[in-house]
Amino acid sequence: MRIEEVNELIESECDKVKQELIQKNVDYNNSLYRPNMFNQNPIEGIKARISDKINRIASKGIDDKTEDSVGDLIGYLIHLKIVFLFL
């Protein structure tokens with residue numbers, strides 16, 4: 001693949017991730033950034049979700065049934081980066 005083709009794919013995938021993250025944040029009412037019912041802080045909650053996704057990928061592999069876990073993992077890593085902006 002040429003660098004231009006790869007760069008276009010990077011841009012397209014980043015745009016998809018952005019739209020999905022924004023929509024999920026709206027759908028879940030910004031829930032990652034509020035303490036949950038167990039009084040878990042947002043960083044710990046996001047780290048737990050990251051761990052769950054990595055474990056799912058490690059145990060199940062990546063195929064058409066688990067590919068969404070990769071997207072979810074990318075999203076949670078972005079959220080982890082964002083939450084540190086508020087510290």
Side-chain angles (χ1 to χ4, degrees):
M1 287 184 118
R2 296 182 2 250
I3 190 169
E4 295 83 9
E5 293 172 312
V6 172
N7 287 344
E8 286 177 16
L9 290 170
I10 290 169
E11 184 176 13
S12 175
E13 288 301 312
C14 286
D15 288 343
K16 287 178 195 173
V17 168
K18 177 177 114 177
Q19 292 307 315
E20 288 174 10
L21 282 176
I22 290 169
Q23 188 59 54
K24 284 184 178 184
N25 197 49
V26 169
D27 292 347
Y28 289 95
N29 196 24
N30 204 38
S31 66
L32 287 177
Y33 297 92
R34 291 177 285 148
N36 64 21
M37 64 191 299
F38 300 108
N39 224 13
Q40 186 179 45
N41 74 48
I43 292 173
E44 294 306 313
I46 293 168
K47 285 169 41 180
R49 288 175 174 88
I50 289 170
S51 179
D52 290 343
K53 294 300 174 180
I54 290 172
N55 286 334
R56 183 170 188 236
I57 291 167
S59 67
K60 303 278 185 184
I62 299 173
D63 58 27
D64 58 336
K65 294 179 184 173
T66 59
E67 184 182 8
D68 62 321
S69 290
V70 174
D72 291 343
L73 179 58
I74 292 166
Y76 288 130
L77 289 169
I78 290 170
H79 279 294
L80 187 60
K81 187 169 182 169
I82 290 169
V83 79
F84 282 108
L85 296 174
F86 297 104
L87 296 177

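All values below were derived from every heavy atom in this structure, side-chain atoms included, with hydrogens, water molecules and symmetry-related copies excluded. Nothing here was measured: the structure is a model prediction, and the numbers come from that model.
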Open item on the list: If you compare all heavy atoms of R56 against all heavy atoms of K65, which two are closest, and at what distance to 0.1 Å?
Closed with: NH2-O, 3.5 Å

- [ ] Mind checking the OG-CD1 spacing from S51 to I46? Nearest 0.5 Å is all I need.
- [x] 13.5 Å

Open item on the list: With ring-ring contact (aromatic ring centres under 6.0 Å, His included) as the rule and sequence neighbours excluded, what pairs involving residues 54-80 come up?
Closed with: Y33-H79

- [ ] Could I get the full list of salt bridge (Lys or Arg N to Asp or Glu O under 4.0 Å) partners for K60, not counting sequence neighbours?
- [x] none

Task: Same apolar cluster: V26 and I78, side chain cutoff 4.5 Å - done: no

Task: Summary of ring-ring contact (aromatic ring centres under 6.0 Å, His included) pairs that have at least one residue in residues 8-27, sequence neighbours excluded - done: none

TODO: Name all pairs fulfilling the ring-ring contact (aromatic ring centres under 6.0 Å, His included) condition that reach into residues 37-64, sequence neighbours left out, sorted by first residue then second.
DONE: none

- [ ] Would you give the length of the straight line joining atom CD of E11 to atom CD of E8, rounded to the nearest 0.5 angstrom?
- [x] 7.5 Å

TODO: Mind checking the SG-CG spacing from C14 to L9? Nearest 0.5 Å is all I need.
DONE: 11.0 Å

Task: Point-to-point distance, once rounded to the nearest 0.5 Å, from CG of L73 to CG of D52 - done: 11.0 Å

TODO: Report the distance from atom CG of D64 to atom OG1 of T66, rounding to the nearest 0.5 Å.
DONE: 7.5 Å

Task: Cluster overlap Y28 with I82, hydrophobic side-chain contacts below 4.5 Å - done: no

Task: Within 6.0 angstrom of Q40 CD, more than 12 heavy atoms from elsewhere - done: yes

Open item on the list: Checking the side chain of N29 only, and the main-chain atoms of S31 only, is there a donor and an acceptor separated by less than 3.5 Å?
Closed with: no

Distance-only donor-acceptor pairs under 3.5 Å for side chains of residues 15-25, two or more places apart:
from: K16; atom 1: NZ; to: E13; atom 2: OE2; distance (Å): 3.2
from: Q23; atom 1: NE2; to: D27; atom 2: OD1; distance (Å): 2.8
from: K24; atom 1: NZ; to: D72; atom 2: OD1; distance (Å): 2.9
from: N25; atom 1: ND2; to: N30; atom 2: OD1; distance (Å): 3.3

Task: Under-4.0 Å salt bridge between D68 and K53 - done: no

Task: Close side-chain approach of V83 to P42, heavy-atom, < 4.5 Å - done: yes

TODO: Measure across M1 and E5 and return the closest heavy-atom pair with its distance rounded to 0.1 Å.
DONE: CA-OE1, 3.5 Å

Task: Any pair counted as ring-ring contact (aromatic ring centres under 6.0 Å, His included), so long as it reaches residues 39-66, sequence neighbours left out - done: none

Task: Nearest-0.5 Å distance, CD1 of residue I54 to CG of residue L77 - done: 7.0 Å

Task: Hydrophobic cluster identity match, F86 and L32, side-chain contacts under 4.5 Å - done: yes

